[in-house]
Amino acid sequence: MNVSELPDNVFETTQLLPPWLLLSLILILLVVSTLLLLANRRLSRRLRKQGAELQESEQSYRYLVDNAHDGIAIVQNKRLVYVNQRMCEMTGYDEPALLALDTFLPLIAPEARETMLGNYMRRVAGQGAPSRYESLFLRRDGTSYPIEITGVLISWGGMPATLNVVSDISDRKAAEEAVHFLAHHDTLTKLPNRHQFMEKLEYSIVQAHRSGQRLAVMFIDLNGFKLVNDTYGHHMGDELLKGVAGRLKQQVRDADTLARIGGDEFVILMPSVTGREGVETLIDRISTELEPHFAIEQQSLKSSASFGYALFPEDGQTPAELLKIADHKMYREKRALSEG
């Protein structure tokens, strides 16, 4: 504001004022006008700076989302309305193809679709739904893979939608399966170990009690195995054990459990046997199977075995009783063989 902008009647009013007061008033008006101009300039600079920072923040956010390690997808009315690059990589679709899908269900393995759809419908309805759970996804080529999904309800364009973070947990699942396998299997022969065998034996005894059927536990111990280790070394002994395990597997039924419980000792659980004749028939088959020499690293190794078995319920009622009797019979046969 300047003097020319003052209304005409101001001077008529101020003619009665002393000159010094009039000059002070004009100076005050000039100072106020200058301060307002400076404040406006500072506000404009601040707004421009905030706008640039906001744009930079938005760009950084988009960069982080687009390059995230996990897949990110927004689903509205069962359709994908936003996906990041990782989601495309995981599914095998490009972005236009994903956004063109009628629903998200083609990305879900058939056996998991009902659960996934139910969780989605409950979430958009504001009802209770798990925020994080595991499921099974389907790639465009038809292969499936395990995922962990975290979903939340959001507003997208003023309408309910779900924001979903999808993690491929294939490596984690493979590691878990490997740990589980090692906990239940012999690392050398890949047969069930003592722990798994005992679990199956306990379960089979319970089932036999209910059904009134018999079962058998058979011990197998290799003859002369220590001599193989001493003569050719433990590596050759390990190869022989793997060869014996392979031949034993060919003789047992699908319902039987063949396990290595330590050293050169194997054990077989035979559920639903008719009697001793069935067990002794298996012993004959195994003995015949072990007769041919094992060709290992240009060496020809001979192996035979001693056997002992126990029947449920006549020889024992518990796992400990059955194992003790079978083990005792096996060592009695082994001792007789060495003495003979």
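The basis for the numbers below is simple: all heavy atoms, side chains too, and nothing from hydrogens, waters or symmetry mates.
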- Query: Quick one: does Asn193's side chain have a donor or acceptor within less than 3.5 Å of a partner on Thr187's backbone?
  - Reply: no
- Tell me, please, which residues at least two apart from Ser135 pass side-chain hydrogen bond (donor to acceptor under 3.5 Å, both in side chains). none
- Message: For Glu114, is the CD atom crowded, meaning more than 12 foreign heavy atoms sit under 6.0 Å from it?
- Response: no
- Task: Mark yes when over 12 heavy atoms from residues, nucleotides or ligands other than Tyr203 sit less than 6.0 Å from its OH; otherwise mark no.
- Result: no
- For Arg79, does its backbone N or O pair with a side-chain atom of Asn77 as donor and acceptor, under 3.5 Å? no
- When clusters are formed by joining ILVMFWY residues with side-chain heavy atoms under 4.5 Å apart, either directly or through shared neighbours, do Val267 and Phe225 land in the same one? no
- Kindly say whether Met90 contributes a backbone atom to a donor-acceptor pair with the side chain of Tyr145 at under 3.5 angstrom? yes
- Task: Could you point out which residue of Lys324, Arg276, Arg214 forms a salt bridge (Lys or Arg N to Asp or Glu O under 4.0 Å) with Asp315?
- Result: Arg276
- Task: Report yes or no: is the cationic atom of Lys329 (NZ for Lys, CZ for Arg) under 6.0 Å from the centre of the six-membered ring of Phe219, at an angle within 45° of the ring normal?
- Result: no
- From Asp327 CG over to Ile325 CD1, what is the distance, rounded to the nearest 0.5 angstrom? 11.0 Å
- With distance as the sole criterion, is a donor-acceptor pair present between the side chains of Tyr82 and Gln76 under 3.5 Å? no
- Message: Under a 3.5 Å distance rule, please check whether Asp70 uses its side chain to pair with a backbone N or O of Val165 as donor and acceptor.
- Response: no
- Message: Between Arg123 and Gly151 (side chain of the first, backbone of the second, donor and acceptor by atom type, cut-off under 3.5 Å), is there such a pair?
- Response: yes
- Side chain of Lys302, backbone of Glu291: donor and acceptor closer than 3.5 Å? yes
- Query: Can you list the steps and then say if Glu289 with Arg285 is a salt bridge (charged side-chain N to carboxylate O under 4.0 Å, His left out)?
  - Reply: CA-CA 6 Å; Glu289 184 70 21; Arg285 291 206 314 266; over 6 Å; no
- If you count the non-hydrogen atoms of other residues, nucleotides and ligands that lie under 6.0 Å from CZ in Arg113, is the total more than 12? yes
- Message: I'd like to know if the side chain of Lys334 and the backbone of Leu222 have a donor-acceptor N/O pair within less than 3.5 Å.
- Response: yes
- Query: Applying the side chain to side chain contact (heavy atoms under 4.5 Å, CB included) test to Val81, which of Leu98, Leu99, Ile74 qualifies?
  - Reply: Ile74
- Residue pair Met270, Arg253: steps toward the side-chain contact (heavy atoms from CB on, under 4.5 Å) verdict: CA-CA 8 Å; Met270 303 173 62; Arg253 303 171 301 177; 3.8 Å; yes
